[in-house]
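Below is one structure, written out as structure tokens; comments come after it.
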2 protein chains.
Amino acid sequence: MIEIGIVEDNVKIRNLIQRYLDMQESMSCKVALDSVEEMLDHLDKNDAPGVLLMDIQLPGMSGIEGIGIIKKKYPNIEIIMLTIYHDSHKIFDSLVAGASGYLLKHTSLPEIKESIETLMDGGAPMSPQIARKVIQHFNKPAPQKNPESNLTSREQDIVNGLVDGLSYKLIADRFDISIDTVRAHIRNIYKKLHVNSKAEVIAKSLRGEI
Amino acid sequence: MIEIGIVEDNVKIRNLIQRYLDMQESMSCKVALDSVEEMLDHLDKNDAPGVLLMDIQLPGMSGIEGIGIIKKKYPNIEIIMLTIYHDSHKIFDSLVAGASGYLLKHTSLPEIKESIETLMDGGAPMSPQIARKVIQHFNKPAPQKNPESNLTSREQDIVNGLVDGLSYKLIADRFDISIDTVRAHIRNIYKKLHVNSKAEVIAKSLRGEI
DNA sequence: ATCCACTTCACATGAATATGTGATTTGCCT
DNA sequence: AGGCAAATCACATATTCATGTGAAGTGGAT
């Protein structure tokens, strides 16, 4: 039997979902509250449910803030966001905060039920549009590399040395070359990358722009 | 009518999926090939399908390599991975390469059909386990910040200056303070972060460890 | 009232870096 | 055979950095 809690300030929606889920054989939904604050209060005094459905727009603390606080105190509670918001920021903030799923509010009651089951099976329920946004996040175009910045392998070696925080001397030692050679390489690297300090090379490298 | 192509080397699976999809009223699946190479050859000579189902383990080029090449030449083709692999690397490599969906091979034929429809509706079909892994990727614990490394806001300013590749002099100018003050801040920053060079500060900052 | 962290500035010194100019060797391309 | 990029080294110099020591004003905390 899966214990489910709801945090949702719209009474009609809240009651509808609660009644539907509580009606299911495999589920029990006894707690449906208005705000994160009330839910925290309830969790303090009662056994924690296994799953929380949570809105974002709430009186008092937002649902996203709520995730962090709840997950910190009760790491075993799985939280599914159920909201009308589909902008990337809210999605990512929720996921980073620890949400295990993200559904849009047009999701039908049977789909919500399935989502909870998916979650209990180790899956992550997401509305398809949400999944799309999440995927697009990976598809972000790689930072533009300067076309003329194709460093030779030796130059790459030097850059790696710089990123490792080595001085010219130590880089020279590492590759068993003269410090003047290191200097020469670095001059060429600066020219190719259009920079003029170690700092910029390191920054570019760590940003993947080399 | 959605045109679908398949790249899959297992003949039985390939034929099964092709026949099933081609049987659907809204779909047409005329092209089912063995390898990315063959598919590229086919795309050269024929109209491109709207959706490709693609395996990863293939003769010749892997499906993941294939995504990049196909998406580059034919950006409008949507690619759904259909594979037995569920390790994070293959998932992320696929998504980064440009896949629009990722299904595990135990997915039933009707579910594959639904996934294609989801894709055409602007969604991103993913098996629940895959979605879980993707979400866990966001949930990665933030890099450990040094407890004593709480920089003051002024110190943060200085760090930002360093990350931007500015010299002490330029940082001093930017904030309209003396270069000696910049030096003083930097000394304190080094102490707090336990480092002793600009390079390390920049590295830490870009890694989010500040 | 005292303490402490933050911010500001100054002076000093040795080490590291940025930049210029030049040269030699090797290997690839034509 | 000649040209050219890459890699190697040398010498020189002005700037920047890392580090030490010291100090003074402000504002919050005990």
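The figures here come from the full heavy-atom set of this structure, side chains too, leaving out hydrogens, waters and symmetry mates. Keep in mind that what you see is a predicted model, and the values were worked out from it rather than measured.
Summary of the strand contacts: F175(A) and D180(B) both lie near DNA chain D, and taking for each the nucleotide with the nearest heavy atom, the more 5' one is attributed to F175(A). Each of V195(B) and N188(A) was matched to the nucleotide of DNA chain D holding its nearest heavy atom; the match closer to the 5' end belongs to N188(A).
OP1 or OP2 of dA10(D) has at least one side-chain nitrogen or oxygen of S178(A) nearer than 4.0 Å. Note on H185(B): a side-chain N or O is less than 4.0 Å away from OP1 or OP2 of dT8(C). Phosphate contact (OP1/OP2 of dA15(C), side-chain N/O of S167(A), threshold under 4.0 Å): absent.
Between the CD1 atom of I112(A) and the CE atom of M27(A) there is a distance of 10.5 Å, given to the nearest 0.5 Å.
Between the side chain of N10(B) and the backbone N or O of K12(B) there is at least one donor-acceptor pair closer than 3.5 Å.
Residue K192(A) places its side chain closer to dA6(D) than to any other of dT17(C), dA6(D), dA10(C). Residue R183(A) has its side chain nearest to dC11(D) when only dC9(D), dA10(C), dC11(D) are considered. In this structure, of dT17(C), dT8(C), dT8(D), it is dT8(C) that holds the atom nearest to the side chain of A184(B). Considering only the side chain of T181(A), dT8(D) comes nearest among dT8(C), dT8(D), dA10(C). The side chain of T152(A) has dA6(D) as its nearest neighbour among dA6(D), dT16(D), dG20(C).
Straight-line distance from the CG atom of N196(A) to the C1' atom of dT19(C): 10 Å, rounded to whole Å. Atom CD1 of I186(B) is separated from atom P of dT7(C) by 14 Å (rounded to the nearest Å). When rounded to the nearest whole Å, the span between CG of D173(A) and P of dC9(D) equals 12 Å. Atom-to-atom, CD of E155(A) to P of dT8(D) comes out at 10 Å; the value is rounded to the nearest Å. Between the C1' atom of dC11(D) and the CD1 atom of I179(A) lies a distance of 13 Å, rounded to the nearest Å. Rounded to whole Å, the distance from CZ on R187(B) to P on dA12(C) is 15 Å. H194(A) places its NE2 atom 17 Å from the C1' atom of dT19(C), with the value rounded to the nearest Å. Taking atom CD on Q156(B) and atom P on dT7(C), their separation rounds to 11 Å, with Å as the unit.
A donor and an acceptor atom, one from each side chain of Y190(B) and E200(B), are nowhere located under 3.5 Å apart.
Residues F138(B) and H137(A) bring their aromatic ring centres within 6.0 Å.
Residue contacts for K198(B): at a heavy-atom cut-off of 4.0 Å it reaches the sugar-phosphate backbone alone, with no base atom in range.
A donor and an acceptor atom never sit less than 3.5 Å apart when one is taken from the side chain of R154(B) and the other from the base of dT8(C).
For D47(B), the CG atom is loosely surrounded, since the number of other residues' heavy atoms within 6.0 Å does not exceed 12.
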